[in-house]
Amino acid sequence: MTEHVDPDPEHTEAETRGVGLAPSVIGTAEAVGVAIGDTVPEDPEGKPDAKGKIGIGGWLAISWLGLIVALALLAPVLPLHDPLEQFSGLASSGPQTGHPLGTDALGRDMLSRVIWGSRASLAIGLGAITFGMLIGGFLGLVTGFFKGRVDAIVTPLMSLLLAIPQFVLALSLVTVLAASADVSDTRRILVVILGLGITTIPILGRITRANTFSWSEREFVTAAEAVGARKGRIMIRSVLPNVFPAMLSIAMLGVGLAMIAEGGLSVFGVGVQLPQPSWGNIIAEGRNQLRRAPHIVIFTSVVLFLTVLALNFLGDVISKRFDVREGQL
Amino acid sequence: MGLLRRLLQLIVTVVAVTFFSALLLQLLPGDPVEVLAPFSSEEQRDVIREDLGLDDPFVVRYAGWLGGFVTGDMGNYYTVSSKRPVSDRVADALPISLQLMIYSQLISLAFAIPVGVYAAARKGRIFDKFSNATAFAMLAIPNFALALLLQYFLGVKWQLFPTSGYTKITEDPSMHFQQMVLPCVTLAVGQFAVYMRLLRSDMIATLQQDFILLAKSKGMSSRRILFRHALRPSSLTLLTVAGLSVGTLIGGALIVEVLFQIPGMGLMLAEAIATRQMVAFQSLIAIVAILYVLVNFGVDLLYSALDPRIRHDRTR
Amino acid sequence: MTSEETPVGTLPGTGALLDVRDLSTKFDSPRGAVRAVSNVSLSLERGQTLGIVGESGSGKSVLSRTIMGLLPRSTASVTGEIIFEGEDISGFSDDQYRQFWGTEMAMIFQDPMTALNPVMKIGKQITESLRRHMGMDRTTAHDTAVELLRSVRIPEPAKRFDVYPHQLSGGMRQRVVIAVALACGPRLLLADEPTTALDVTIQAQILDLLEDQQRERYMAMILVTHDLGVVAGRAHKIAVMYAGRIVESAPTRKLFADMKMPYTEALMSAIPRLDAPPHTKLSAIRGRPPQLVNPGPGCAFAPRCPYARDLCSEERPVLRPVEDDPDHLFACHYPVDSAESIEIKDHLRAEQMVAEAAGGGDSDGW
């Protein structure tokens, strides 16, 4: 009992790894397992290091995301063209001096638009997931911890949100909530955040619930209950910190997905509205210039792809590091 | 779970989904008619208002709409002075969307199964590392960006495939398939990555089971062990995920249809949004959502038919 | 395996069925090579049973899988010879082994819950090897499989043919596993802890079944177990393994009558005895199983051995025959019946009596 009053996730990691080793080396588990207590099994996923070390890939991902975030934050003070300024005679031209990424259909500087566009894309990605984390995380934590009636009512409702394909749900919410023609840019971004955020509620909710459920059965929680700690306090102080890595790992993927989804909304014309740039609408609008100026789509796609790749990679590292059980989505 | 309970659950979900889509019109800020036909006269507006039952309470209107919906009345496209039923075009568009999704699903599985199986069998070797890393990267490619890149490189630059349009298979099969290549590949890439990675990790776990060793020790060929002994239990997981990922597939198909000008549900939705035909929009959303619910229902039934270990008996 | 392949000088059907010479198996691990099996030699005659006994981690399972050729080639490296029917099979590829698997040698696994394919009918799991190796058609294979199920004493075999493993109990599943292994009439059966996962009441039934089948089919068997009691009445020969090496081997009767190795003695005292008074404490072997990565120079059992002296941790004892008995081999500097060990044993016994007496005194309140 006392041995386990230790909410350290590393602890479980080691335990699980010991067990996980057994089948990983066919027939040799007996010998190897005994000989080398906590052997690292062969990298099960091939990508990031099995133990969740950050590694070269991880540092590259962190650097890329750091660069993108820094550029987004510093956009107003960087020596960039105005993303709305139209250089006449330069419409749809490729990379050249003064415009390293070329210009778009109206002769606006692409580098500036991509950097300014990252602000909208990042705001939407982070905003939607924060919204989903707050609501879905709270619901998951409460239903997983208290179970019983709360769980019986809230969980089916959350699952019901999964009955509609996520993109369709987001598309319908955003279309309707930003229907009138005179919606301001900020308001529209908020609507997109809300629409995408709502779709992430059931996913983050389920992950949080499943993890909370298993953590709340642990000895250190029962021990805390036995000594009379308040339930809400146990939930916040003992369970939440352990559940958080799982939420974070999913959230990383979610940020990427939300940024992609904004692009999907832009294809339907309900994402961030031009002329204000977002990565999604730059690509979606670029389709009209595909023959004349493919660089618009190509450059922006590569930037979006690398950002999502970096987020996915780090999400994977987190989930390995904290031994988050996948599946049960 | 008995069939009856499943059916009941299906009905509840369908009702909830349609209720949500009916709520959409309610959520429209301001007067829906203002949005639907902004340049109409007051009289014309009254006609539309009457037609939609906008003066009735929401529940009554929902019941009316649902009654029409189940009998095939999906509302109308409204113009200033006339209306056209939505259902006319849905009959053409829905099969096209389904076709697109089925092709993509088949392509992705056709590649994901062998690659996943062989990657698992060669775990840790070059083929495995390469295919796994590739799939990981594929997961990060936005589908709309991929669609445009394929259009540009394979369509515009190298002129291998047409970049847009749709031809019925009965009219010109060769053209039909040529036009379907790029949109289907766009959709299949993401699905492939999900299925391949899932199958690979599931197969790796399965291949470490004693029953695989028993099959080996009775002299079965590696091919038989991989495809008959290991794939079958892993394929149940694959099936579940294939069902769930139909949601992603639907979303992707809608986008891809717009980008490739394929006259399916996605293009209809885009038009409805662009022309503010909210009644049509509402019905189209309901159809797509019901489609998803039905697919998952089917997967559920298939699953229990395929798994001899009756429901909760799975150890993993 | 056919007569052309048999080396000159050995007639098929004579000599040992299996002759393992100086076999070692190593695994790569991040901390260095794991020497799971080291320099093991043993031989087995047709129709006979060899018991391999040791704790978990002793290398006995790895040894049996090495003989079967079932270890993953990417991680395991094997040296030495495995001569089966006069042919060295140790360097065989999977394809070459595949001709042996099922027909010449077969294996039974520890846990019947996991050894059968959960999504394949049990009949199918038997017929697939019949059809592959014996070229039987569907009907013949079906009938043969039903007969096999009957021979492993599964009630209503014709009905059971179409059930899935989860519909059977553990004991029944192990019978199916046995039927699968026996299907193509192997000459050598490796049973890796075949009863460990089963209820005590079922254990004897399964062991008896194996013994009967073995006698009927004139099949050789290697029975791997951690329980000396399991092999006591069933094996012709016993090899005791510790830290990947054979530390004592002898015909069963001799081993029990005159054990030399303190480890064998320790395993012996771990067998529950029916004739002992109830609640007698089973003496578990103290200490942990040995290090297989970079083992020290001495006897691997020395750290846990009650009779160990300085020499034991400095120099590893070689496996040598008991005087005038080449069948009985052991590896120990101070065997159980040596003067040095007897001295210690007496000393320990005296200490224990003192301790018991003192314990009694305490409870009297003095």
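Per chain, numbering begins at 1; letters A, B, ... match sequence-line order. Computed from a predicted structure; not experimentally measured.
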*Please flag which part of A/V302 lies under 4.5 Å from any non-hydrogen atom of chain B: side chain, backbone, both or neither.*
neither

*Heavy-atom pairs under 4.5 Å with chain A are the metric here; pick the option from B/A270, B/G155, B/A119 that has the most.*
B/A270

*About how many Å separate CZ of B/F20 and OG of A/S172, when rounded to the nearest 0.5 Å?*
4.0 Å

*Could you walk me through whether A/S159 and A/R206 pass side-chain contact (heavy atoms from CB on, under 4.5 Å), step by step?*
CA-CA 9 Å; A/S159 312; A/R206 281 194 168 196; 3.3 Å; yes

_Between B/L259, B/L146, B/D210, who has the most heavy-atom pairs with chain A when the cutoff is under 4.5 Å?_
B/L259

*When only heavy atoms count and the cut-off is under 4.5 Å, which of residues 285-294 of chain A reach chain B?*
A/R287, A/L290, A/R291, A/P294

*Geometric class of the A/F167/A/F268 ring pair [parallel <30°, tilted 30-60°, perpendicular >60°]*: tilted

*Rounded to the nearest 0.5 Å, how far does CE of B/M196 lie from CG of B/N132?*
5.0 Å

*How would you list, by chain and number, every residue that makes a side-chain hydrogen bond (donor to acceptor under 3.5 Å, both in side chains) with B/S97, sequence neighbours excluded?*
B/E257

*Step through it carefully: locate the ring centre of B/F58, locate the ring centre of B/F19, and say whether they are under 6.0 Å apart.*
yes

*Could you check which of B/L149, B/V293, B/I212 has the highest count of heavy-atom pairs closer than 4.5 Å to chain A?*
B/L149

*Only counting residues at least two apart or in another chain, list the ones meeting side-chain hydrogen bond (donor to acceptor under 3.5 Å, both in side chains) with B/T240.*
none

*Looking at B/L98, B/I285, B/L284, which hits side-chain contact (heavy atoms from CB on, under 4.5 Å) with B/M265?*
B/L284

*Name all residues meeting the salt bridge (Lys or Arg N to Asp or Glu O under 4.0 Å) criterion together with B/E271; count only those two or more places apart in sequence or in a different chain, and write none if there are none.*
B/R89

*Highest number of heavy-atom pairs under 4.5 Å with chain A: which of B/A137, B/G266, B/A289?*
B/A137

_Can you tell me which portion of A/I283 sits under 4.5 Å from chain B's heavy atoms? Options are side chain, backbone, both or neither._
both

*Mind ranking B/N296, B/T13, B/I141 by heavy-atom pairs under 4.5 Å with chain A and telling me who comes out on top?*
B/I141

*Heavy-atom proximity to chain A below 4.5 Å, by part of B/S21*: neither

_Return the CG to CG distance between B/D300 and B/L294, rounded to the nearest 0.5 Å._
12.5 Å

_Top of B/V258, B/L291, B/L24, B/I250 for chain A proximity - count of heavy-atom pairs under 4.5 angstrom_ = B/L24

